[in-house]
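Okay, so here's the structure we're looking at.
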Amino acid sequence: MKILLSTLMVSSVLFGQTKDKINSNLPNHQSVTVYTTAPDSNLKLAKTDVLTFKEYKQPLETQLCVFVHPNKTNQTFLGIGGAITDASAEVFAKLPLTKQNEFLDAYFDKEKGIGYTLIRTNIHSCDFSSESYTYVEEGDKELKTFSIEHDRAFKIPLIKKAMEKAGKATFYASPWSPPAFMKDSKNMLKGGKLLPEFYQSWANYYVKFVQAYQKENIPVWGLTIQNEPMATQIWESCIFTGDEEREFLKNYLGPTLQKNGLNDVKITVWDHNRDLLSQRASAVLDDPEAAKYVWGIGFHWYENWSGGNPMFENVAKVHQMYPDKNLLFTEGCVEKFSAEKYQFWANGQRYGRSMINDFNNGTVGWTDWNILLDQNGGPNHVGNFCFSPIHGDTSTGELIYTPSYYFIGHFSKFIKSGAKNFSCTSSRSQLIVTSFKNPTGELVTIVMNESDKELSYLLSNNNQVSEIKIPAKAIQTLVY
């Protein structure tokens, strides 16, 4: 079933209208508003209840509880968003104007949509481009031919529209490979390494990119050094060991950005999976001369390729090891696209599970991969077709909203930039939770029901409780 944005806008079906006694006939001294997304229903970010709190000092051991501790704060929230790739921009350009506007509202409008504030893009081509390309002519070590003209056709217009709709957005960029002539393999695809004699030229390339985008009135907040630096892919890819990334950053990229007055550009290292996260962090950050250039460590979620569990604990360990550096989720998507699985609920659950655990382990921001793909999961010049939260059917002009869109929205719509993550726990493993305190003082708790049964739980805050029902396999946002 294709779920359209109108579901989000007009859904007013209330879940659990009959309140339990614990919430009835209470003075409205403090309320909690409940928003729910549930499978096999029209509940999609739907406001399902407004409840009140009651004094309740000691929950019983047999009661299912979510305990929140707003005075125990952790990291500061940066934002949530996705990547505007060539593929996303090309699909967007093929949509009717009305659907383009709906799409922009769906992602970037704080009221009508889910309020994205992070945008990532690719520095020249990646797999989600229609072809391989660079910003310079072959062999131009001096970068005299550098031009972002390619991006002006589709990508830059969409980035500008998204940033205008968002009002304020954090924009960062990542390269998938240096130009072929700079590599030992002489090929942008299938791995290879940056040759030492091109280290300075490649550092200059980042500067040229930042300056060119600034001239387009697109401020570049940050850069990652290399997308997936330990993966030899059939698409654009380049191998950087920990030592190589550290030396390139310390001796070339960091000083070159500073020399060109780009000290404020935030540099994120690693930009790959959670599995080698601590090794790469230590390889770079244990060198003070490299660490001084580093804003944070980026990571993806593809480490469980063999069917194992996501390595969430590695995120926590790196947060403990380097508490002065930021953790940023830079990419994740559901691979192996199939149109029959547009509404496959587990895809959304994967997002919810990852976001809750990553935020609980110190992550400051979370970036999805392509914000838009077509009905084939592309375009992609090597056939690596994937899911995105919204697909645009270019044959019909229709937008298709997947469960992932709504799961992400339970975080991005309600948590505001500058919010503080704070400690919260669940008394049973069926519920996983995370919480934030917005700059206004408003509290936000996201609760995900991992079980296949409807559950009732107590939201417990400072000897005040409210009883809430959550459908099977649902996700809720509580605002109070």
Side-chain angles (χ1 to χ4, degrees), residues 83-90 93 119-159 171-216 218 220 222-229 231-240 244-245 248-249 252-253 256-257 260 262 265 267 271 330-331 369-370 378-384:
I84 296 179
T85 57
D86 291 303
S88 296
E90 290 168 25
I119 301 172
R120 184 191 188 211
T121 201
N122 48 294
I123 296 176
H124 61 230
S125 64
C126 65
D127 50 331
F128 280 92
S129 303
S130 293
E131 60 182 354
S132 290
Y133 68 92
T134 71
Y135 300 134
V136 295
E137 294 179 5
E138 183 68 15
D140 180 14
K141 182 177 181 178
E142 303 301 319
L143 311 183
K144 294 179 180 178
T145 59
F146 189 95
S147 171
I148 59 168
E149 189 61 32
H150 177 280
D151 295 2
R152 293 193 178 99
F154 300 109
K155 199 162 62 168
I156 286 175
L158 178 54
I159 290 169
F171 175 76
Y172 70 102
S174 309
W176 267 242
S177 171
F181 70 86
M182 294 187 183
K183 299 172 68 178
D184 60 1
S185 61
K186 305 305 177 187
N187 188 352
M188 289 181 69
L189 316 184
K190 302 178 182 179
K193 289 194 174 188
L194 177 66
L195 290 166
E197 58 263 36
F198 289 102
Y199 272 27
Q200 186 58 59
S201 182
W202 185 226
N204 294 341
Y205 203 100
Y206 295 79
V207 170
K208 292 274 192 183
F209 173 85
V210 173
Q211 292 173 337
Y213 265 68
Q214 286 177 335
K215 288 180 181 178
E216 294 289 333
I218 301 174
V220 179
L223 298 165
T224 75
I225 295 176
Q226 169 64 45
N227 178 75
E228 299 187 348
T232 298
Q233 307 281 24
I234 61 172
W235 54 85
E236 288 84 343
S237 46
C238 183
I239 301 299
F240 274 87
E244 289 165 344
E245 185 173 20
F248 175 67
L249 170 62
Y252 296 92
L253 182 58
T256 301
L257 288 170
N260 287 274
L262 299 175
V265 174
I267 298 176
D271 198 8
T330 48
E331 184 187 315
W369 189 205
N370 302 277
N380 184 295
H381 72 89
V382 292
N384 179 35

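Given the structure is predicted, the values throughout are model-derived calculations rather than measurements.
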Show your working on side chain to side chain contact (heavy atoms under 4.5 Å, CB included) between Y206 and T256 and close with a plain yes or no. CA-CA 9 Å; Y206 295 79; T256 301; over 6 Å; no
Give the intermediate values and the outcome of side-chain hydrogen bond (donor to acceptor under 3.5 Å, both in side chains) for residues S125 and E131. CA-CA 7 Å; S125 64; E131 60 182 354; over 6 Å; no
I would like to know whether E216 and R152 meet salt bridge (Lys or Arg N to Asp or Glu O under 4.0 Å); could you show each step before the answer? CA-CA 9 Å; E216 294 289 333; R152 293 193 178 99; 2.7 Å; yes
Determine whether Y205 and F209 satisfy the following criterion, ring-ring contact (aromatic ring centres under 6.0 Å, His included), listing intermediate values before the conclusion. CA-CA 6 Å; Y205 203 100; F209 173 85; 8.4 Å; no
Is there a side chain to side chain contact (heavy atoms under 4.5 Å, CB included) between T145 and E138 once you walk through the steps? CA-CA 9 Å; T145 59; E138 183 68 15; over 6 Å; no
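Tested against L223, the residues L262, V265, V207 include a single side chain to side chain contact (heavy atoms under 4.5 Å, CB included) partner, V265.
Between E244 and L194, every side-chain heavy-atom pair lies at or beyond the 4.5 Å cut-off. Side-chain contact between K183 and I239 is absent, with no heavy-atom pair separated by less than 4.5 Å. The shortest side-chain heavy-atom distance between D140 and F146 does not fall under the 4.5 Å cut-off. Between W235 and N380, every side-chain heavy-atom pair lies at or beyond the 4.5 Å cut-off. Side-chain contact between N260 and V210 is absent, with no heavy atoms from C-beta onward closer than 4.5 Å. Two residues are said to be in side-chain contact when any heavy atoms from C-beta on lie closer than 4.5 Å; R120 and N227 meet this criterion. For the pair S174/T330, no side-chain contact is recorded, criterion being any heavy-atom separation below 4.5 Å from C-beta on. No side-chain heavy atom of D271 sits less than 4.5 Å from a side-chain heavy atom of I225.
Pairing each heavy atom of K155 with each of N122, the nearest pair is NZ-O, 2.6 Å. In terms of heavy-atom proximity, M188 sits nearest to S177 at O-OG, 3.3 Å. Of all heavy-atom pairs between F128 and P379, the closest is CD2-O, 3.5 Å. The minimum heavy-atom distance between S237 and L189, with the atom names listed, is OG-C, 4.3 Å. Of all heavy-atom pairs between D86 and H150, the closest is OD1-CE1, 3.6 Å.
In this structure a side-chain-to-backbone donor-acceptor pair under 3.5 Å is present from D184 to K193. For the pair S129 (side chain) and S132 (backbone), a donor-acceptor distance under 3.5 Å is absent. Between the side chain of T121 and the backbone N or O of I84, at least one donor-acceptor pair lies under 3.5 Å.
Atom-to-atom distance recorded for Y133:OH and H381:NE2 is 9.5 Å, nearest 0.5 angstrom. Expressed to the nearest 0.5 Å, how far CG of L249 lies from CD1 of I267 amounts to 5.0 Å. The structure places OG1 of T224 at 8.5 Å from CD of E245, a figure rounded to the nearest 0.5 Å. Distance check, rounded to the nearest 0.5 Å: CD1 of I148 to CD1 of I218 gives 7.0 Å.
For the pair K141 and F181, the NZ or CZ position fails the cation-pi test of under 6.0 Å to the six-membered ring centre and within 45 degrees of the ring normal.
Using a 3.5 Å distance cut-off with no hydrogens or angles, the side chains of K190 and S185 do not pair a donor with an acceptor.
A 6.0 Å sphere centred on CD of E137 holds no more than 12 heavy atoms belonging to other residues, nucleotides or ligands.
Between H124 and W202, the ring-plane angle classifies as tilted under the 30° and 60° cut-offs. Aromatic ring orientation, W176 versus W369: parallel (interplanar angle below 30°, classes split at 30° and 60°). Using cut-offs of 30° and 60° for the angle between ring planes, the F248 and F240 rings count as tilted.
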